[in-house]
Structure formats: structure tokens, C-alpha cells
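Step one of this worksheet: look at the structure below.
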Amino acid sequence: MEKFFSERAHRIKSSSTIGRADNVKKLIKSGVDIIRMEIGEPDFITPKIIIDAATQAMSNGLTKYTSSSGIPDLKKAIINKLESQNRINSNLGEIIVTPGAKQGIYYALATLINKGDEVLIPDPSWGSFSNIIEYLGGISVHYHCPAKNDFKINITALANLVTNRTKVILLNYPCNPTGQTISKEELIEIAKIAQAHNLLIISDETYERILFDGTVHVSIASLPNMAPRIISVFSFSKTYAMTGWRLGYVVGPKPIISKMIQIQQQTATCPTSIAQAAGVKAFEAEADVQLMLKEYTKRRTFMLTGLKECGISCLPPPGTFYLFPDISRLGSSEEVADLFLEHAKVSVVPGTAFGKQGEGHIRMHFAASMPELEKAIRNIKLACKKE
Ligand SMILES: Cc1ncc(COP(=O)(O)O)c(C=O)c1O
């Protein structure tokens with residue numbers, strides 16, 4: 001059958017995170033008790049105000065196709081949010097609502113990338129970036145964010161990777177999997193590179209609200225004169241515990257957004273009408289967001305202390321709900337992920353799933369309940385002693 005596959009289809013690989021999660025689900029179904037710390041998904045239930053808005057939308061018959069760019073009420077709410085929280089000024093023509101940030105990134109890259117075009121992406125980084133780029137015929141060129149530099153971008157090294165085939169710099173901050181972010185000063189330097197080489201920037205800000213220790217999130221599109229070359233991608237998934245609703249949005253230059261809307265029109269039509277109606281209310285769920293952030297803060301402290309007691313060092317992540325500890329003294333990333341699964345009954349992702357720079361690390365999240373995290377640390381302590 002594979003002989004019928006397109007070249008494109010051959011280039012796409014399974015998501016290793018989703019693949020691991022599927023295996024773990026099978027193990028759990030067969031009766032094995034596993035603590036799931038692999039897939040990046042809040043354990044919280046979506047705030048009630050959002051669920052009620054969805055129920056209301058269904059009762060009111062908002063169950064039809066919507067405009068391909070998204071419903072006007074949601075786009076207006078997004079414009080207000082972008083202005084007040086991200087300092088990004090936009091208008092209705094510069095917004096597209098998408099079925100998740102992932103789809104937004106796909107539409108943006110599908111709009112921009114020709115065969116052989118180079119996109120600079122972080123290493124380590126979320127696996128979908130390189131997969132989508134390569135599926136579209138582009139080349140993902142990895143800029144290193146090494147552990148010895150606390151996973152920060154080496155901006156000079158980034159500049160040195162630009163060639164005449166480079167079209168886009170892709171940023172993801174706070175970063176999945178490291179939790180590291182990019183400061184305003186660093187963003188200014190990256191902006192200068194984009195301007196000097198006439199590049200576009202796709203800025204994936206999915207984790208913009210999950211921040212710790214006073215970390216401030218600055219959207220690169222808010223820097224002076226930068227908006228015309230920035231495509232900023234946001235998500236409802238993590239901030240509002242809405243992973244299954246599939247809702248995200250993108251703001252960027254009108255010609256690019258218009259092309260993305262055409263792609264959405266011809267492939268998905270629109271995001272789910274009910275999710276969109278509920279999304280309008282999400283921006284009013286600030287009290288719920290604050291409660292989740294308080295809980296994440298508590299869990300992060302607990303996990304960092306617990307890992308330290310296991311003799312495992314870990315950068316305190318400025319953002320996201322991920323930890324990317326250095327497990328190199330226990331074995332390779334793959335070995336330790338397997339060891340944790342087998343002996344600690346804790347499911348994590350090997351760091352190499354996020355690029356070569358991920359070797360020596362594993363990704364685990366703390367979007368699980370405190371009792372689960374306590375059990376995970378107890379089990380990891382025992383597993384490490386066995387080694
Ligand atoms: C960096 C990053 N971007 C985008 C996404 C996808 O977000 P969404 O659920 O809105 O598609 C994820 C999900 O794990 C992510 O880690």
C-alpha cells in the first residue's frame with residue numbers, strides 16, 4: 001500500500017509523545033498502575049463559565065458552520081486580549097481562529113514554505129515543528145538552546161545559521177520541553193536578525209500565561225516596527241485547560257492571514273462553532289486561571305525538591321508545566337524513560353524526542369495531581385536507588 005503514498009506522506013512521522021501516550025493507555029487498560037507525566041495536558045477540568053457557555057451555545061442552536069476566520073464575537077474578544085495582555089494592536093482582518101495552535105502553525109507554514117526553504121527552529125523543541133516543516137518540503141535548521149546555557153538561545157549562533165534559503169525563524173517561548181523563555185532584550189536581538197535578513201518570525205506563545213517566579217512574557221510582535229513580519233500563535237488549550245476543545249488563534253499581517261483563512265476554508269471550513277462560542281467566555285475565566293497557576297506553582301516547587309532529593313538536577317523552568325531534568329548519570333534519555341516506566345511506573349518522554357540537544361534529559365510535566373506527583377517522586381527515588 002505504501003507505494004501509493006505521496007512523498008509528503010512518507011516524510012511525516014508519528015508524534016513520539018502521542019505514541020508513548022497510546023502505549024501507556026494500553027498498559028493502564030491491561031491493569032498496570034502508571035502515573036502519566038508524558039502528554040502535555042492540564043489535569044484540571046475546563047472552567048465552568050466556559051462549559052456553561054458551550055451548553056448555552058448548543059441550546060441556542062449555534063451548531064452550524066461559522067465564518068472560516070472565526071465568529072466575530074470571538075475575534076473581537078481576541079483583539080481586546082491581544083491589546084491588553086500582549087500589547088499587540090490588530091484588527092479583524094489580521095486574526096484567524098483555528099482548531100488549536102497546532103493547526104495555526106500548520107496553516108502559517110503551509111502559506112510560507114516552498115520546497116527547500118529553511119526554517120530555523122529551536123533544539124530542543126516540540127516535535128511538530130520539524131514534522132510540519134518537512135511534510136511541507138521545507139528544511140528545519142536547528143538552533144541550539146544547550147543545557148549548559150540553561151536552554152537559552154545563543155543569538156550569535158542563531159544569526160550564523162541564516163542562509164539565502166532561510167525564510168522563517170520559529171520561536172517558542174516559554175518553550176516546550178525546557179520551560180525556558182526569551183527575555184525582551186533577547187527578543188530585540190532576534191528582531192534585529194529578522195530585519196537584517198528580511199525574515200519572517202512565527203512566534204508560538206502557547207504557554208504565555210504559565211509563568212513562575214515573576215517571569216514576564218513579552219510578545220515579539222509588540223516590539224516597535226516588528227508586527228509586519230510576525231505571525232503570533234496562541235492557544236486556549238493550556239491556559240484554560242481546553243486541550244480537547246481544539247481552539248487557538250493567530251494574529252499576523254493581513255495578506256498572510258487571508259491566505260491562511262483560504263487554507264482553512266478549503267480544508268477544515270472553520271473551528272467547531274460551540275468551542276468558539278465558549279472561547280469568548282474564556283477571557284472572563286481569570287479567577288480560574290489564577291487558581292490553576294497557584295496549583296502549578298505548588299507542584300513545581302514540590303517536583304523540583306523531589307528530583308533534587310533523587311540526585312537529579314533540573315533547571316527551575318521560568319514557564320510551562322514541564323520539567324526537563326538532567327538524567328545523564330542514570331543512562332541515555334531512552335534508557336531512563338524506559339527505566340522510569342518499568343521500575344517507577346512513571347511515564348515520561350525521552351529528551352531526544354525533542355531533538356539532539358535533548359539527549360541526557362527527559363521531559364516530565366507537573367500537570368498532574370499532588371497525590372500523583374508524591375507517588376511519582378516516591379517511586380523514582382526507589383528506582384534510582386536500584387540503579
Ligand atoms: C509548543 C506547543 N505549541 C503548540 C501546541 C499545540 O497547542 P494546541 O492544543 O492549541 O493545538 C503544543 C501542545 O503541546 C505545544 O507544546
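Just the heavy atoms: all of them, side chains too, but no hydrogens, waters or symmetry mates, feed the values below. Please read these numbers as outputs of a predicted model, since none were measured by experiment.
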Do the charged groups of [X] and [Y] touch, with an N to O distance under 4.0 Å?
| X | Y | value |
| --- | --- | --- |
| Asp33 | Lys345 | no |
| Arg299 | Glu372 | no |
| Lys381 | Glu309 | yes |
| Lys281 | Glu284 | yes |
| Asp204 | Lys102 | no |
| Asp326 | Lys148 | no |
| Glu186 | Lys184 | no |

Pairwise side-chain contact, [X] with [Y], heavy-atom cut-off 4.5 Å (strictly under):
| X | Y | result |
| --- | --- | --- |
| Leu109 | Ile133 | yes |
| Val119 | Ile139 | no |
| Leu158 | Ile193 | yes |
| Asp123 | Tyr143 | no |
| Leu120 | Leu170 | no |
| Ile274 | Leu62 | no |
| Trp245 | Ile51 | yes |

Whether Ser222 side chain and Val218 backbone form a donor-acceptor pair below 3.5 Å:
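No, the answer is negative, given that no donor and acceptor are paired below the 3.5 Å cut-off.
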So, Asp117 side chain and Asn114 main chain: donor-acceptor pair closer than 3.5 Å or not?
yes
Pairing donors with acceptors under 3.5 angstrom, does anything connect the side chains of [X] and [Y]?
| X | Y | result |
| --- | --- | --- |
| Glu334 | Ser332 | no |
| Thr98 | Gln264 | no |
| Ser333 | Glu359 | yes |
| Glu208 | His217 | no |
| Ser140 | Glu134 | yes |
| Thr206 | Lys238 | no |
| Arg11 | Asn131 | no |

Please round to the nearest 0.5 Å and tell me the distance separating atom [atom1] of [X] and atom [atom2] of [Y].
| X | Y | atom1 | atom2 | value |
| --- | --- | --- | --- | --- |
| Leu223 | Lys192 | CG | NZ | 11.0 Å |
| Asp43 | Glu41 | CG | CD | 9.5 Å |
| Ile362 | Leu330 | CD1 | CG | 8.5 Å |

Assert yes or no for the condition that the ring centre distance of [X] to [Y] is strictly below 6.0 Å.
| X | Y | answer |
| --- | --- | --- |
| Tyr207 | Tyr173 | no |
| Phe236 | Tyr249 | yes |
| Tyr296 | Phe44 | yes |
| Phe151 | His361 | yes |

Testing the basics here: between Leu200 and Pro228, what is the closest heavy-atom pair and its distance to 0.1 Å?
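Result for this residue pair: CD2-O, 4.4 Å.
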Flag yes if more than 12 heavy atoms outside [X] fall under 6.0 Å of its [atom1] atom; otherwise flag no.
| X | atom1 | value |
| --- | --- | --- |
| Lys259 | NZ | no |
| Arg329 | CZ | yes |
| Asn225 | CG | no |

What is the ring orientation for Trp126 with Phe129, classed by angle as parallel under 30°, tilted 30 to 60°, or perpendicular over 60°?
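Perpendicular, since the angle between the ring planes exceeds 60°.
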Look at the aromatic rings of His10 and Phe5 and report parallel, tilted or perpendicular, splitting at 30° and 60°.
tilted
